[in-house]
Asks: 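The structure's right below; bear with me while I get my questions together.
The chains referred to below are lettered A, B, ... by the order of the sequence lines, with proteins before strands, and numbering in each begins at 1.
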Amino acid sequence: MKLEHLNKPTTKNIGWVKSIKDGIVALDGLQEAKMGEKIVGPNSIQALVLNIDRTGVAGIILGDFTKIAEGDQFETTGEVMSIHASDAVVGRVVNAQAEPIDGRGPLPKDGVYMPVEKIAPGVIERQPVNQPLQTGIMAVDAMIPIGRGQRELVIGDRNTGKTAFAVDTIINQKNSEKPVVCIYVGIGQKRSRIAQLVEKLEQLEAMEYTIVVSATASDPVALQYLAPYTATAIGEYFMEQGKDVLIIYDDLTKHAWAYRQISLVLERPPGREAYPGDIFYLHSRLLERSVRLNEELGGGSITALPIVETQLSDVSAYIPTNIISITDGQIYFETDLFNAGFRPAIDAGNSVSRVGTTAQIKPMKKVAGQLRLELAQFKELEAFAQFGSGDLDARTKQRIERGRRIRELLKQKQYNPLPVFTQVALIYAVNNGFLDEVSLEKIQEVKERFVLYLEGQENKDNYEELVKDYFEKYEIT
Amino acid sequence: MEQLGINPILILVQVANFLLLLWVLKKYLYKPFIELLDKRRQDIEATDNLRHELETEKAHIDEERERVLNEVRTEADQMLDEVREQGKQIQEQMRKEAQERADHIVTSAKKEISEREQVLRAELQQEVREAAVEAAEAVLATNVTQQQRNELLAKAVDRFGS
Amino acid sequence: MNNIQLEKLLATLKVEESKAIVEYAGVLTEVQQKALEQKVISRYPEATEVTFRENPDLIAGLRVLYQDYVYDDSAQGRVEQLKNTLETI
């Protein structure tokens with residue numbers, strides 16, 4: 001207990017509340033306050049300084065702003081806004097201030113205080129992204145592969161399976177050789193949804209390596225604004241230990257709304273679609289912190305999967321285009337595909353991963369190239385598929401049938417991620433015609449049986465032999 | 001001959017009569033009778049044969065039955081063994097599941113206890129903090145004499161601005 | 001209000017802004033007061049006036065208030081520091 005240093009006079013800089021509007025507090029005084037500083041008011045309520053001008057200082061209150069009254073006193077702390085991160089936060093559900101909200105007791109204070117705002121690591125501190133982050137979803141791991149340290153946008157209309165995809169990715173990290181700490185940030189979501197998600201993750205034993213940061217729609221908008229930065233700060237805590245981290249931001253559209261609300265109440269001039277002028281910087285500084293550090297700094301990484309919700313598939317809207325230009329690729333979820341039963345509803349043609357095959361293991365690279373080609377050829381011929389197979393030549397017919405089977409194969413049930421070697425075997429099987437004789441309705445059945453068969457195998461590396469063996473012995477369609 | 005009273009013609013006629021009778025008898029009595037006897041004998045033979053056949057068949061069937069019974073017996077024995085084995089496995093399975101459930105209950109109870117412990121500890125810590133502050137305030141408020149006050153004030157005046 | 005009233009109001013506000021207040025607990029001698037006045041003005045040169053008032057809540061020591069700065073050298077201030085330090089462990 002260091003009590004000696006308490007016995008000194010202090011100089012505080014204080015301010016008085018002029019007005020308080022919906023979580024935004026405007027103060028007189030506080031001339032020493034700096035941007036992004038943490039200021040403290042009555043009952044230890046914290047606020048974050050976001051505005052400094054001639055008329056005074058304004059900030060967002062991180063807590064119950066209904067307890068603040070005009071004239072209340074706030075003082076500077078000289079500290080940037082930071083949250084407390086420790087190893088014990090894994091498996092817990094916390095709010096935007098990294099305080100536990102799952103009723104399982106307080107977090108120990110033996111960790112590190114991580115600043116919520118940080119300048120992203122520079123060029124020298126990074127190394128190229130070349131390690132795969134397996135999502136367990138064949139359509140992605142084969143054709144839109146994600147690497148550790150990449151930012152890959154998940155974009156689509158509402159209810160197209162974006163969050164389900166993110167959850168499946170979290171579940172798949174259970175099988176990962178090099179473990180990944182997963183962080184799911186819910187911004188402006190419904191509480192019931194977060195509760196269901198946590199329950200599902202617990203059921204599938206994924207909460208053991210996952211952290212949920214929650215700022216729901218009924219939480220103050222200040223916390224919704226802060227939540228992604230808090231999650232990134234927690235992620236950086238683990239990254240600096242040399243670990244790999246996956247952060248899912250669900251979703252940044254609602255984050256932008258929260259920031260728009262704050263900016264408008266702070267009376268900053270509204271720009272396009274009433275968003276403030278620095279709406280791009282809001283997300284760019286957040287996502288730039290997802291990096292892969294070089295070996296000297298531990299080799300850890302943060303992979304970001306930001307989710308953006310579009311309206312009527314409009315990817316050329318303001319926020320989507322902003323984030324598309326920030327991320328290293330996007331996975332596009334299509335409503336039509338979803339409604340037609342192709343789930344995950346990923347439009348592989350319009351999706352891209354700018355890291356690409358560098359983030360794939362060799363076997364997958366080999367089989368995925370052909371898969372992509374076959375699928376592209378099938379797409380071109382899809383129009384002809386409507387006409388029935390009467391008028392077409394044999395080659396075209398074969399392409400169409402192959403394409404149909406590939407599409408069937410790429411369907412996956414929720415909560416069912418596939419290990420990468422199973423995926424390689426399946427793709428090898430369809431590429432080399434082992435499924436050509438199987439009728440479309442039976443593909444799922446055959447796939448399930450084959451997956452079960454593979455699970456029982458010891459050496460999964462020689463997938464070619466496994467596929468040949470299996471289809472010769474067992475499948476007599 | 002006539003002295004003996006034997007009439008040759010009569011004898012002849014008698015003989016003829018006898019032969020005629022014999023013929024008639026043979027045709028209308030003996031033959032059918034013999035035929036009847038033959039038929040009876042045949043019938044008896046047939047019945048005998050049939051009985052023989054039936055007996056051999058019965059022997060076959062008996063053999064077959066024995067064989068099938070033996071097969072069934074061995075199969076039943078096998079099945080019993082399997083069932084016994086399965087029964088053991090199921091028992092083992094149930095025991096394991098029960099054990100797991102018990103372990104799970106114990107671990108989650110332990111977890112709950114430790115969580116409660118932490119919550120209580122935090123509450124206690126908070127109370128200690130508040131008590132410390134209250135104590136400090138109380139002590140200062142009551143135990144500072146006028147002289148001490150003036151001394152402290154003088155010290156503070158000196159300190160200021162340096 | 002008209003321009004003259006506005007000017008008058010602004011003038012009074014400016015004057016208010018540049019007053020320094022010294023709060024103390026105990027007995028403050030003339031000598032001490034004079035010394036403090038000097039120190040306050042040298043610390044805050046823009047201060048036009050230094051007023052003194054007794055505040056027994058401080059328990060002991062003094063406090064200097066100027067604009068939005070608070071220099072706290074009081075027992076009550078030490079107790080506040082104690083409370084804040086305890087919150088962080």
Asks: Which donor-acceptor pairs lie under 3.5 Å between chain A and chain B?
Replies:
{"from": "A:Arg104", "atom 1": "NE", "to": "B:Glu115", "atom 2": "OE2", "distance (Å)": "2.9"}

Asks: Mind checking what makes salt bridge (Lys or Arg N to Asp or Glu O under 4.0 Å) contact with A:Asp219, not counting sequence neighbours?
Replies: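 Salt bridge (Lys or Arg N to Asp or Glu O under 4.0 Å) check on A:Asp219 returns A:Arg191.
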Asks: Going by the rule side chain to side chain donor-acceptor pair (under 3.5 Å), which residues pair with A:Gln224 if we only count those two or more places apart in sequence or in a different chain?
Replies: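 A:Gln224 satisfies side chain to side chain donor-acceptor pair (under 3.5 Å) with no other residue.
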Asks: Got more than 12 heavy atoms from elsewhere within 6.0 Å of CD, A:Gln241?
Replies: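 Atom CD in A:Gln241 is crowded, with more than 12 foreign heavy atoms closer than 6.0 Å.
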Asks: Apply ring-ring contact (aromatic ring centres under 6.0 Å, His included) to A:Phe74 and list each qualifying residue two or more places apart in sequence or on a separate chain.
Replies: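 Residues passing ring-ring contact (aromatic ring centres under 6.0 Å, His included) with A:Phe74: none at all.
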Asks: Give the minimum heavy-atom separation between B:Val119 and A:Gly105, together with the two atoms involved.
Replies: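 The answer is CG2-CA, 3.5 Å.
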